[in-house]
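First up is the structure itself, then whatever we jot down about it.
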Amino acid sequence: MVKIDLNCDLGESFGRYTLGLDAEVLPYVTSANIACGFHAGDPTVMAATVALAEKNQVALGAHPGLPDLVGFGRRKMQITPAQAQADVQYQVGALAAFSKNGKLHHVKPHGALYNMAAQDYELARGICLGIKAVDPTLILVGLANSQLIKAAQDVELPYAQEVFADRNYLADGSLVPRSQPNALITDEQTAVDRTVKMIQTQSVTAIDGQQVALKPDTVCVHGDGAKAVAFVQKIHAALLAADIEVTAL
């Protein structure tokens with residue numbers, strides 16, 4: 001049976017502000033990417049989200065981002081590979097401290113850091129070295145076919161190739177920037193059908209109609225929209241109906 005992991009970005013509340021439907025989404029995903037305080041989250045939120053993920057027996061992952069709470073880590077910043085390495089090592093280590101056994105399962109960079117590293121090999125390598133410094137068995141989750149995957153291969157870090165259920169792709173395999181109006185797929189059924197097809201055919205249709213080859217290991221679903229829970233439920237059911245086993249990496 002074909003297998004796929006469903007991951008979701010969680011723990012993105014901060015102080016008095018609540019973002020996302022973490023408790024409602026967790027029963028339907030297999031991996032949680034938890035914010036580490038740089039782009040979202042705070043120590044109290046981190047502790048609570050880790051505990052909630054462990055209660056649901058969901059694989060724990062760190063979601064390190066750029067130090068940009070105001071911009072939610074989605075604004076590009078000038079950062080050297082050495083700075084990225086230190087920032088990621090700091091954030092991964094901080095989140096691991098909240099787990100029951102002091103260990104995590106995977107690491108997925110967030111937002112602009114993720115997208116920048118997908119195209120910048122040296123930045124991607126810095127991120128991978130930061131992860132490896134904490135625990136060389138951690139799985140890097142990165143955009144399929146990107147520089148993040150190449151860097152993980154080169155530094156001998158385990159990796160998983162990620163695809164997105166509700167994002168459109170360019171012909172080079174990168175995501176359509178959120179600044180463009182067609183970045184997101186807003187029709188739920190279209191997103192569900194395309195996700196199943198991506199896994200079955202190991203390819204995705206870019207916005208210009210070209211077919212982009214990829215090998216999905218994990219699918220990102222978002223848990224912060226008004227219909228997030230219904231969408232995650234729908235995609236989980238569709239995968240099972242297509243004889244695709246939903247399981248952690």
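When a residue number appears, it is its place in the shown sequence, counting from 1.
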Under a plain distance cut-off of 3.5 Å, with no hydrogens placed, do [Y] and [X] share a side-chain donor-acceptor pair?
{"X": "Tyr121", "Y": "Asp154", "result": "yes"}
{"X": "Asp208", "Y": "Gln210", "result": "yes"}
{"X": "Thr205", "Y": "Gln211", "result": "yes"}
{"X": "His39", "Y": "Glu12", "result": "yes"}

Does any part of the side chain of [Y], heavy atoms only, come nearer than 4.5 Å to the side chain of [X], both counted from C-beta?
{"X": "Asn33", "Y": "His106", "value": "yes"}
{"X": "His110", "Y": "Pro64", "value": "no"}
{"X": "Val176", "Y": "Ile207", "value": "yes"}
{"X": "Leu214", "Y": "Val204", "value": "yes"}
{"X": "Asn168", "Y": "Leu184", "value": "no"}
{"X": "Leu175", "Y": "Leu143", "value": "yes"}
{"X": "Leu249", "Y": "Val141", "value": "yes"}
{"X": "Gln147", "Y": "Arg125", "value": "no"}

- Item | Minimal non-hydrogen separation, Tyr169 against Val163, with atom names | OH-CA, 3.2 Å
- Message: Using the side chain to side chain contact (heavy atoms under 4.5 Å, CB included) definition, which of the options Asp5, Ile4, Thr30 pairs with Thr218?
- Response: Asp5
- Rounded to the nearest 0.5 Å, what separation is found between the CD1 atom of Ile131 and the CD atom of Gln91? 10.5 Å
- Task: Supply the atom-to-atom distance Asp135 CG to Leu104 CG, rounded to the nearest 0.5 angstrom.
- Result: 8.0 Å
- Query: Are any of the side-chain nitrogens in Lys197 or Asp193 under 4.0 Å away from the carboxylate oxygens of its partner?
  - Reply: no
- Message: Tell me whether Lys108 is salt-bridged to Asp9, with the criterion being a basic N under 4.0 Å from an acidic carboxylate O.
- Response: yes
- Message: Surrounding CZ of Arg194 (heavy atoms of other residues, nucleotides or ligands, distance under 6.0 Å), is the total greater than 12?
- Response: yes
